[in-house]
Amino acid sequence: MPAERTLPVAGSNSTVLVFADADAAARAAADRIARVVAESVAARGKAILGLATGATPEKVYDDLAARVAAGTLSFRDATTYNLDEYYPIQPLDPLSYRAYMHRLLFSRVDLAANRAHVLDGTVPEEATAEHAAQFDRWIDADGGLDVQLLGIGRNGHIGFNEPSDLSVEGFAARSTLLIDLHPVTRADAVREFGSLEAVIPRALTMGVRQILGARTVVMLATGPKKAAIVAEALKGPVTAAVPASLLRTVADKVVWLLDEPAAAELG
Ligand code: PGA
(Lines give C-alpha, C1' and ligand atoms only; values in the text may rest on other atoms or scores of the structure.)
Protein backbone atom coordinates (compact mmCIF):
# COMPACT_ATOMS: atom_id res chain seq x y z
CA MET A 1 0.00 0.00 0.00
CA PRO A 2 1.89 3.10 -1.17
CA ALA A 3 1.66 6.23 0.93
CA GLU A 4 -0.48 8.92 -0.51
CA ARG A 5 2.35 11.34 0.20
CA THR A 6 5.62 11.74 2.06
CA LEU A 7 5.47 14.85 4.18
CA PRO A 8 8.67 16.80 4.72
CA VAL A 9 8.49 18.31 8.21
CA ALA A 10 10.55 21.48 8.53
CA GLY A 11 13.36 21.14 11.06
CA SER A 12 12.90 17.39 11.38
CA ASN A 13 14.54 14.58 9.42
CA SER A 14 11.77 12.19 10.43
CA THR A 15 10.08 10.05 7.78
CA VAL A 16 6.40 10.94 7.77
CA LEU A 17 4.05 9.03 5.45
CA VAL A 18 0.46 10.14 5.09
CA PHE A 19 -2.28 7.76 3.93
CA ALA A 20 -5.75 8.41 2.63
CA ASP A 21 -7.39 6.72 5.61
CA ALA A 22 -6.72 4.87 8.87
CA ASP A 23 -7.10 1.44 7.26
CA ALA A 24 -4.37 2.18 4.74
CA ALA A 25 -2.06 3.49 7.48
CA ALA A 26 -2.68 0.34 9.56
CA ARG A 27 -1.99 -1.85 6.53
CA ALA A 28 1.31 -0.05 6.04
CA ALA A 29 2.20 -0.72 9.70
CA ALA A 30 1.37 -4.42 9.25
CA ASP A 31 3.48 -4.48 6.06
CA ARG A 32 6.47 -3.14 7.96
CA ILE A 33 6.07 -5.56 10.84
CA ALA A 34 5.68 -8.50 8.45
CA ARG A 35 8.80 -7.38 6.60
CA VAL A 36 10.80 -7.15 9.85
CA VAL A 37 9.66 -10.65 10.81
CA ALA A 38 10.77 -12.08 7.44
CA GLU A 39 14.10 -10.21 7.40
CA SER A 40 15.01 -10.87 11.04
CA VAL A 41 14.15 -14.56 10.82
CA ALA A 42 16.18 -14.85 7.60
CA ALA A 43 19.16 -13.05 9.15
CA ARG A 44 19.16 -14.34 12.74
CA GLY A 45 16.58 -17.11 12.96
CA LYS A 46 14.33 -15.02 15.19
CA ALA A 47 12.31 -11.79 15.28
CA ILE A 48 11.85 -9.71 18.43
CA LEU A 49 8.74 -7.54 18.26
CA GLY A 50 7.59 -4.72 20.53
CA LEU A 51 3.81 -4.42 20.45
CA ALA A 52 1.28 -1.77 21.42
CA THR A 53 -2.34 -1.72 22.56
CA GLY A 54 -5.17 0.83 22.37
CA ALA A 55 -7.68 1.53 19.65
CA THR A 56 -5.20 2.49 16.93
CA PRO A 57 -3.38 -0.85 16.40
CA GLU A 58 -6.50 -3.04 16.35
CA LYS A 59 -6.56 -3.04 12.56
CA VAL A 60 -2.84 -3.84 12.45
CA TYR A 61 -3.52 -7.03 14.39
CA ASP A 62 -6.49 -7.92 12.17
CA ASP A 63 -4.23 -7.53 9.19
CA LEU A 64 -1.37 -9.60 10.71
CA ALA A 65 -3.81 -12.36 11.74
CA ALA A 66 -5.22 -12.43 8.20
CA ARG A 67 -1.71 -12.86 6.78
CA VAL A 68 -1.05 -15.78 9.13
CA ALA A 69 -4.38 -17.37 8.12
CA ALA A 70 -3.42 -16.93 4.46
CA GLY A 71 -0.04 -18.55 5.07
CA THR A 72 2.01 -15.51 4.06
CA LEU A 73 3.31 -14.74 7.58
CA SER A 74 4.33 -16.86 10.56
CA PHE A 75 5.13 -15.94 14.17
CA ARG A 76 6.79 -19.36 14.71
CA ASP A 77 10.18 -17.73 15.23
CA ALA A 78 8.89 -14.53 16.85
CA THR A 79 9.08 -13.29 20.42
CA THR A 80 6.92 -10.36 21.51
CA TYR A 81 7.13 -7.77 24.28
CA ASN A 82 4.19 -5.50 24.94
CA LEU A 83 4.71 -1.89 25.92
CA ASP A 84 2.56 -1.75 29.00
CA GLU A 85 -0.07 -3.15 31.36
CA TYR A 86 -2.36 -1.61 33.95
CA TYR A 87 -1.34 -2.17 37.59
CA PRO A 88 -2.74 -3.94 39.40
CA ILE A 89 -4.89 -6.04 37.08
CA GLN A 90 -5.61 -9.73 36.56
CA PRO A 91 -4.68 -11.15 33.14
CA LEU A 92 -8.19 -12.54 32.66
CA ASP A 93 -9.76 -9.14 33.30
CA PRO A 94 -11.09 -8.20 29.85
CA LEU A 95 -9.67 -4.69 30.38
CA SER A 96 -6.11 -5.97 30.82
CA TYR A 97 -3.73 -5.54 27.94
CA ARG A 98 -2.89 -9.24 28.29
CA ALA A 99 -6.55 -9.98 27.47
CA TYR A 100 -6.53 -7.41 24.64
CA MET A 101 -3.47 -9.07 23.09
CA HIS A 102 -4.96 -12.53 23.48
CA ARG A 103 -8.16 -11.39 21.78
CA LEU A 104 -6.59 -9.39 18.97
CA LEU A 105 -3.41 -11.34 18.18
CA PHE A 106 -2.10 -14.14 20.38
CA SER A 107 -5.14 -16.42 19.95
CA ARG A 108 -5.12 -15.91 16.17
CA VAL A 109 -1.48 -16.54 15.24
CA ASP A 110 1.16 -19.25 15.61
CA LEU A 111 3.14 -17.45 18.35
CA ALA A 112 4.47 -19.64 21.19
CA ALA A 113 2.60 -18.72 24.39
CA ASN A 114 5.84 -18.62 26.38
CA ARG A 115 7.35 -16.05 24.02
CA ALA A 116 4.44 -13.57 24.23
CA HIS A 117 5.54 -11.23 27.03
CA VAL A 118 3.17 -8.77 28.69
CA LEU A 119 4.17 -7.06 31.92
CA ASP A 120 2.41 -8.80 34.81
CA GLY A 121 -0.22 -6.73 36.59
CA THR A 122 -0.41 -9.28 39.43
CA VAL A 123 3.10 -9.09 40.90
CA PRO A 124 3.15 -7.80 44.49
CA GLU A 125 3.97 -4.11 44.63
CA GLU A 126 7.30 -4.71 46.37
CA ALA A 127 8.29 -6.99 43.47
CA THR A 128 7.39 -4.61 40.63
CA ALA A 129 10.87 -3.07 40.38
CA GLU A 130 12.49 -6.49 40.03
CA HIS A 131 9.79 -7.60 37.56
CA ALA A 132 10.43 -4.48 35.47
CA ALA A 133 14.20 -5.02 35.60
CA GLN A 134 13.71 -8.64 34.54
CA PHE A 135 11.56 -7.52 31.59
CA ASP A 136 14.45 -5.30 30.42
CA ARG A 137 16.95 -8.14 30.93
CA TRP A 138 14.82 -10.47 28.80
CA ILE A 139 14.68 -7.92 25.97
CA ASP A 140 18.41 -7.29 26.26
CA ALA A 141 19.13 -11.04 26.27
CA ASP A 142 17.05 -11.34 23.09
CA GLY A 143 19.33 -8.73 21.51
CA GLY A 144 16.86 -5.83 21.73
CA LEU A 145 13.74 -5.18 19.70
CA ASP A 146 13.81 -5.58 15.93
CA VAL A 147 10.73 -3.38 15.66
CA GLN A 148 8.60 -1.40 18.09
CA LEU A 149 5.03 -0.54 17.13
CA LEU A 150 3.90 2.66 18.86
CA GLY A 151 0.83 4.78 19.24
CA ILE A 152 0.81 8.29 20.65
CA GLY A 153 -1.33 9.53 23.52
CA ARG A 154 -2.98 12.94 23.29
CA ASN A 155 -0.37 14.10 25.81
CA GLY A 156 2.45 12.67 23.70
CA HIS A 157 3.03 9.53 25.75
CA ILE A 158 4.70 6.48 24.19
CA GLY A 159 3.80 3.29 25.99
CA PHE A 160 2.76 4.73 29.33
CA ASN A 161 5.83 6.97 29.49
CA GLU A 162 3.90 10.06 30.51
CA PRO A 163 5.12 13.68 30.17
CA SER A 164 8.03 14.18 32.55
CA ASP A 165 10.29 16.92 33.87
CA LEU A 166 13.37 14.70 33.50
CA SER A 167 16.14 15.84 31.16
CA VAL A 168 15.99 14.41 27.63
CA GLU A 169 19.05 12.27 28.46
CA GLY A 170 17.56 11.01 31.72
CA PHE A 171 14.22 10.21 30.10
CA ALA A 172 15.89 8.50 27.12
CA ALA A 173 17.80 6.21 29.50
CA ARG A 174 14.81 5.27 31.64
CA SER A 175 14.17 1.60 32.38
CA THR A 176 10.87 -0.23 32.54
CA LEU A 177 8.91 0.95 35.59
CA LEU A 178 5.67 1.40 37.50
CA ILE A 179 4.10 4.81 36.81
CA ASP A 180 1.07 6.95 37.69
CA LEU A 181 -1.14 7.63 34.68
CA HIS A 182 -1.40 11.26 33.56
CA PRO A 183 -4.85 12.92 33.84
CA VAL A 184 -5.20 13.03 30.03
CA THR A 185 -4.47 9.29 29.86
CA ARG A 186 -6.98 8.55 32.59
CA ALA A 187 -9.60 10.65 30.80
CA ASP A 188 -8.96 8.79 27.54
CA ALA A 189 -9.21 5.43 29.33
CA VAL A 190 -12.84 6.16 30.28
CA ARG A 191 -13.63 4.75 26.81
CA GLU A 192 -12.48 1.33 28.06
CA PHE A 193 -13.34 1.55 31.77
CA GLY A 194 -16.72 3.29 31.57
CA SER A 195 -16.06 6.01 34.16
CA LEU A 196 -13.13 8.03 35.48
CA GLU A 197 -13.47 6.43 38.92
CA ALA A 198 -13.13 2.97 37.36
CA VAL A 199 -9.87 3.73 35.52
CA ILE A 200 -6.92 1.91 37.10
CA PRO A 201 -4.59 4.85 37.85
CA ARG A 202 -1.22 3.12 37.60
CA ALA A 203 0.58 0.97 35.05
CA LEU A 204 3.80 -0.85 34.30
CA THR A 205 5.47 0.45 31.17
CA MET A 206 8.46 -0.41 29.09
CA GLY A 207 10.93 2.44 29.55
CA VAL A 208 12.02 4.86 26.87
CA ARG A 209 15.45 3.17 26.66
CA GLN A 210 14.06 0.00 25.06
CA ILE A 211 11.70 1.93 22.78
CA LEU A 212 14.46 4.17 21.40
CA GLY A 213 16.79 1.16 21.22
CA ALA A 214 14.54 -0.73 18.79
CA ARG A 215 16.16 -1.19 15.38
CA THR A 216 12.98 0.09 13.69
CA VAL A 217 10.16 2.14 15.21
CA VAL A 218 6.73 2.29 13.57
CA MET A 219 4.61 5.12 14.96
CA LEU A 220 0.96 4.83 13.91
CA ALA A 221 -1.36 7.78 14.61
CA THR A 222 -4.80 8.23 13.12
CA GLY A 223 -7.80 10.48 13.55
CA PRO A 224 -8.28 14.20 14.22
CA LYS A 225 -7.71 13.93 18.00
CA LYS A 226 -4.04 13.15 17.34
CA ALA A 227 -3.37 16.07 14.97
CA ALA A 228 -2.21 18.58 17.61
CA ILE A 229 0.13 16.23 19.47
CA VAL A 230 1.60 14.79 16.25
CA ALA A 231 2.50 18.33 15.18
CA GLU A 232 3.89 19.13 18.64
CA ALA A 233 6.02 15.96 18.69
CA LEU A 234 7.42 16.54 15.19
CA LYS A 235 7.75 20.32 15.18
CA GLY A 236 7.98 21.46 18.81
CA PRO A 237 11.01 21.15 21.10
CA VAL A 238 12.54 17.76 21.84
CA THR A 239 11.57 17.43 25.48
CA ALA A 240 10.50 14.79 28.00
CA ALA A 241 7.38 16.94 28.44
CA VAL A 242 6.34 15.56 25.02
CA PRO A 243 7.64 11.99 25.20
CA ALA A 244 7.13 11.21 21.49
CA SER A 245 9.37 14.15 20.58
CA LEU A 246 12.31 11.98 21.69
CA LEU A 247 11.73 9.84 18.59
CA ARG A 248 13.46 12.68 16.73
CA THR A 249 16.72 11.75 18.53
CA VAL A 250 16.66 8.48 16.56
CA ALA A 251 14.78 9.80 13.50
CA ASP A 252 16.65 7.70 10.94
CA LYS A 253 15.03 4.48 12.18
CA VAL A 254 11.53 5.87 12.85
CA VAL A 255 8.63 6.04 10.44
CA TRP A 256 5.46 7.97 11.24
CA LEU A 257 2.39 6.48 9.55
CA LEU A 258 -0.49 8.93 9.63
CA ASP A 259 -3.89 9.32 8.08
CA GLU A 260 -4.91 12.71 6.68
CA PRO A 261 -6.77 13.87 9.85
CA ALA A 262 -3.77 13.09 12.10
CA ALA A 263 -1.46 14.94 9.70
CA ALA A 264 -3.74 17.97 9.47
CA GLU A 265 -1.59 20.32 11.61
CA LEU A 266 1.75 19.45 10.02
CA GLY A 267 1.23 21.90 7.20
P1 PGA B 1 -5.18 4.92 21.24
O2 PGA B 1 -3.96 5.08 22.27
O3 PGA B 1 -4.66 4.06 20.13
O4 PGA B 1 -6.24 4.23 22.03
O5 PGA B 1 -5.51 6.29 20.79
C6 PGA B 1 -2.72 5.48 21.78
C7 PGA B 1 -1.77 5.61 22.93
O8 PGA B 1 -2.18 6.06 24.01
O9 PGA B 1 -0.60 5.26 22.77
Side-chain angles (χ1 to χ4, degrees), residues 19 21-30 33 49-64 81-87 89 94-101 103-105 118-119 145 147-164 171 176 179-194 196 198-208 210-212 214 217-234 240-247 254-265:
F19 295 82
D21 57 39
D23 283 2
R27 206 169 313 128
I33 292 167
L49 312 178
L51 300 179
T53 50
T56 312
E58 288 180 1
K59 292 192 189 110
V60 179
Y61 298 134
D62 284 346
D63 191 300
L64 292 173
Y81 291 93
N82 263 85
L83 283 170
D84 43 24
E85 177 61 287
Y86 290 106
Y87 184 85
I89 199 164
L95 294 169
S96 76
Y97 285 153
R98 163 63 73 178
Y100 169 109
M101 288 308 302
R103 212 164 46 238
L104 275 279
L105 189 72
V118 182
L119 284 155
L145 301 166
V147 62
Q148 176 64 59
L149 175 63
L150 289 180
I152 185 170
R154 283 189 307 121
N155 60 3
H157 74 201
I158 46 177
F160 277 139
N161 292 285
E162 303 287 27
S164 163
F171 198 54
T176 295
I179 53 88
D180 294 320
L181 295 179
H182 186 272
V184 169
T185 303
R186 291 207 302 271
D188 283 348
V190 170
R191 180 175 53 81
E192 301 156 76
F193 285 86
L196 199 51
V199 173
I200 296 174
R202 289 192 297 171
L204 291 158
T205 184
M206 185 190 290
V208 177
Q210 296 289 2
I211 296 173
L212 298 183
V217 177
V218 176
M219 164 58 88
L220 178 64
T222 56
K225 290 188 192 144
K226 300 293 170 67
I229 193 63
V230 164
E232 179 72 20
L234 281 167
V242 182
S245 69
L246 267 75
L247 296 175
V254 180
V255 61
W256 292 70
L257 305 176
L258 310 176
D259 65 357
E260 288 289 352
E265 294 186 29

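As the structure is a prediction and not an experimental result, all values here were calculated from the model. Just so you know, ligand 1 is whichever comes first in the structure, and atom 1 is the first atom listed for that ligand. Residue numbers count from 1 along this sequence.
- Considering CZ of Phe171 and CG of Asn161, their distance stands at 5.0 Å, rounded to 0.5 Å.
- At the shortest separation from atom 4 (O) of ligand 1 among protein heavy atoms lies Ala55 N, 2.9 Å.
- What sits closest to atom 5 (O) of ligand 1 on the protein, heavy atoms only, is Lys226 NZ, 2.6 Å.
- When each atom of ligand 1 is checked for a heavy atom of Thr56 under 4.0 Å away, the hits are 1 (P), 3 (O), 5 (O).
- Not a single heavy atom of Arg154 sits less than 4.0 Å from an atom of ligand 1.
- Residues Thr53 and Asn82 have side chains that never bring a donor and an acceptor to within less than 3.5 angstrom of each other.
- With ligand atoms numbered from 1 in the order given, ligand 1 contributes 9 (O) to contacts under 4.0 Å with heavy atoms of Gly151.
- Each of the following atoms of ligand 1 lies closer than 4.0 Å to a heavy atom of Arg191: 4 (O).
- Separating the CG atom in Leu247 from the CG atom in Leu234 is a distance of 8.5 Å, to the nearest 0.5 Å.
- Atom-to-atom distance recorded for Tyr97:OH and Leu119:CG is 12.5 Å, nearest 0.5 angstrom.
- Neither the backbone nor the side chain of Lys225 comes within 4.0 Å of ligand 1, counting heavy atoms alone.
- The shortest N or O to N or O distance between Thr53 and ligand 1 is not under 3.5 Å.
- When side chains are defined from C-beta on, Thr56 does not count as touching Ile152, because their heavy atoms never get closer than 4.5 Å.
- For atom 8 (O) of ligand 1, the nearest non-hydrogen atom of the protein is His157 NE2, 2.6 Å.
- Nearest protein heavy-atom neighbour of atom 6 (C) of ligand 1: Ile152 O, 3.6 Å.
- Under the salt bridge (Lys or Arg N to Asp or Glu O under 4.0 Å) rule, Asp188 has a single partner from Arg154, Lys226, Lys225, which is Arg154.
- Between Tyr87 and Phe160, the distance separating the two ring centers is not shorter than 6.0 angstrom.
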For this session: Could you check Glu192 against Tyr100 for side chain to side chain contact (heavy atoms under 4.5 Å, CB included), going step by step and ending with a plain yes or no?
Result: CA-CA 11 Å; Glu192 301 156 76; Tyr100 169 109; over 6 Å; no
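- Ligand 1 has no nitrogen or oxygen under 3.5 angstrom from a nitrogen or oxygen of Pro57.
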